[in-house]
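Below is one structure, written out as structure tokens, with a few remarks after it.
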Amino acid sequence: MIKQEALYSGKAKTVYKTDDPEKLIMEFRNSLTAFDGKKKSEAPKKGYYNARISQTLFKLLEENGIKTHFNSMLSDTEMVVDAVEIVKIEVIVRNIAAGSLTKKYPFKTGEKLDPPIIIFDYKSDEFGDPMINDDMALAMGLATKAELAEIRKLSLKINSILIEYLAERNLLLPDFKLEFGRRKGKIVLADEISCDTCRFWDMTTGESLDKDVFRFDKGDLVAAYREVAKRIVPGIKL
Ligand code: TMP
Ligand code: ASP
């Protein structure tokens with residue numbers, strides 16, 4: 001496979017074309033941002049840890065019957081993925097109240113949310129990823145009714161699989177963000193599942209081991225990501 005020009009460069013990843021129109025290369029970079037890009041930084045090895053964490057979790061999901069865009073690793077920070085048409089919805093799954101939920105609604109940080117809450121945001125930097133409902137998603141033509149139902153069902157199944165895997169590694173999953181794509185008429189999981197897109201809390205101490213360390217200056221981001229990689233990725237070189 002031959003890596004070609006960059007198709008798109010986001011805040012933390014760059015996507016490259018390849019000589020195969022069905023395949024893309026997703027590079028996990030060390031840059032990170034928060035608050036719509038207002039806060040920026042670089043963290044050594046962040047791309048490596050996030051790539052390996054995503055690889056491990058995509059593989060786990062595939063083994064449990066979830067279709068994802070993941071193919072293989074080209075290098076420690078580059079993932080070969082299927083080309084998909086991204087659905088412009090960010091799906092947030094919440095198990096424990098944290099972050100913006102506690103700022104905008106009367107939930108207290110740490111409160112258990114049972115059943116889990118699924119939130120759809122319109123994926124748009126221009127509009128600041130506003131929360132939408134099914135009617136708005138349909139009116140904007142973001143997805144069909146059947147696709148929205150499928151996305152909800154898959155998100156809940158992914159949530160259950162991740163919660164169990166992480167609990168065995170002494171990690172809580174308060175919330176996380178997923179993106180889906182269309183491939184050959186089917187909805188598949190895309191993007192990444194990493195410390196940038198999930199909240200991970202140590203089950204014993206409640207310590208944040210994710211991007212909140214950067215968002216809210218809670219300490220050493222690289223140490224937090226390394227700790228998650230150590231617990232999640234079998235045999236990883238740290
Ligand atoms: P929030 O509490 O800031 O709304 O974040 C909810 C979850 O979504 C959290 O696990 C982090 C993740 N997230 C992203 O992956 N990308 C984003 O742009 C934002 C705002 C949150
Ligand atoms: N990814 C978003 C940004 O860069 C927000 C966040 O994750 O907090 O601004």
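Owing to the predicted nature of the structure, the values given are computational and were not obtained by experimental measurement. Side chains included, hydrogens not; waters and symmetry mates left out as well; all remaining heavy atoms used. In each ligand, atom 1 is the first atom listed, and ligand 1 is the first ligand listed.
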For [atom], what is the closest protein heavy atom, and at what distance to 0.1 Å?
atom	result
atom 4 (O) of ligand 1	Ser100 OG, 2.6 Å
atom 3 (O) of ligand 1	Arg199 NH2, 3.8 Å
atom 3 (C) of ligand 2	Thr33 OG1, 3.3 Å
atom 10 (O) of ligand 1	Asp175 OD1, 2.6 Å
atom 15 (O) of ligand 1	Lys177 CE, 3.1 Å
atom 17 (C) of ligand 1	Glu90 OE1, 4.4 Å
atom 5 (C) of ligand 2	Phe35 N, 3.8 Å

If only side-chain N and O atoms count, and only distance matters, is there a donor-acceptor pair under 3.5 Å linking Asp210 with Tyr225? no

Test item: side-chain donor near acceptor, Ser124 and Glu126, under 3.5 Å: no

Under 3.5 Å donor-acceptor, [X] side chain and [Y] backbone:
X	Y	result
Asn95	Asp175	no
Thr102	Ala98	no
Asp212	Arg199	no

Close approach of Lys103 to ligand 1, heavy atoms, under 4.0 angstrom: no

Consider ligand 1: state whether an atom of it lies below 4.0 angstrom from any non-hydrogen atom of Arg215. yes

With atoms numbered from 1 as shown, which atoms in ligand 2 lie under 4.0 angstrom from a non-hydrogen atom of [X]?
X	value
Arg215	6 (C), 7 (O), 8 (O)
Asp36	3 (C), 9 (O)
Lys211	1 (N), 6 (C), 7 (O)
Gly37	3 (C), 4 (O), 9 (O)

If we set the cut-off at 4.0 Å for heavy atoms, which region of Lys211 has an atom near ligand 1: side chain, backbone, both, or neither? neither

Take Glu62 and Thr68 through the side chain to side chain donor-acceptor pair (under 3.5 Å) test and state the conclusion after the steps. CA-CA 7 Å; Glu62 290 273 356; Thr68 79; 2.7 Å; yes

My question is simple, although I want it checked carefully: is atom 20 (C) of ligand 1 less than 4.0 angstrom from any protein heavy atom? no

Is there a protein heavy atom at a distance of less than 4.0 Å from atom 6 (C) of ligand 1? yes

Show the atoms of ligand 1 that are less than 4.0 angstrom away from any heavy atom in [X].
X	answer
Gly99	2 (O)
Cys198	10 (O)
Phe176	10 (O)

Does the pair Glu85/Arg183 count as a salt bridge with the N-to-O cut at 4.0 Å? no

May I ask you to check whether over 12 heavy atoms, not counting those of Lys23, lie within 6.0 Å of atom NZ? yes

For side chain to side chain donor-acceptor pair (under 3.5 Å), just list the numbers for Tyr16 and Glu27, CA-CA rounded to whole Å, side-chain angles, deciding distance to a tenth of an Å, and then say yes or no. CA-CA 8 Å; Tyr16 296 88; Glu27 182 199 1; 3.0 Å; yes

Using the ring of each side chain (for Trp, its six-membered ring), is Phe70 parallel, tilted or perpendicular to Phe58, with breaks at 30° and 60°? parallel

May I ask you to test the Leu189-Leu154 pair for a side-chain heavy-atom distance under 4.5 Å? no

Can you tell if the side chain of Asp191 reaches within under 4.5 Å of the side chain of Phe180, non-hydrogen atoms only? no

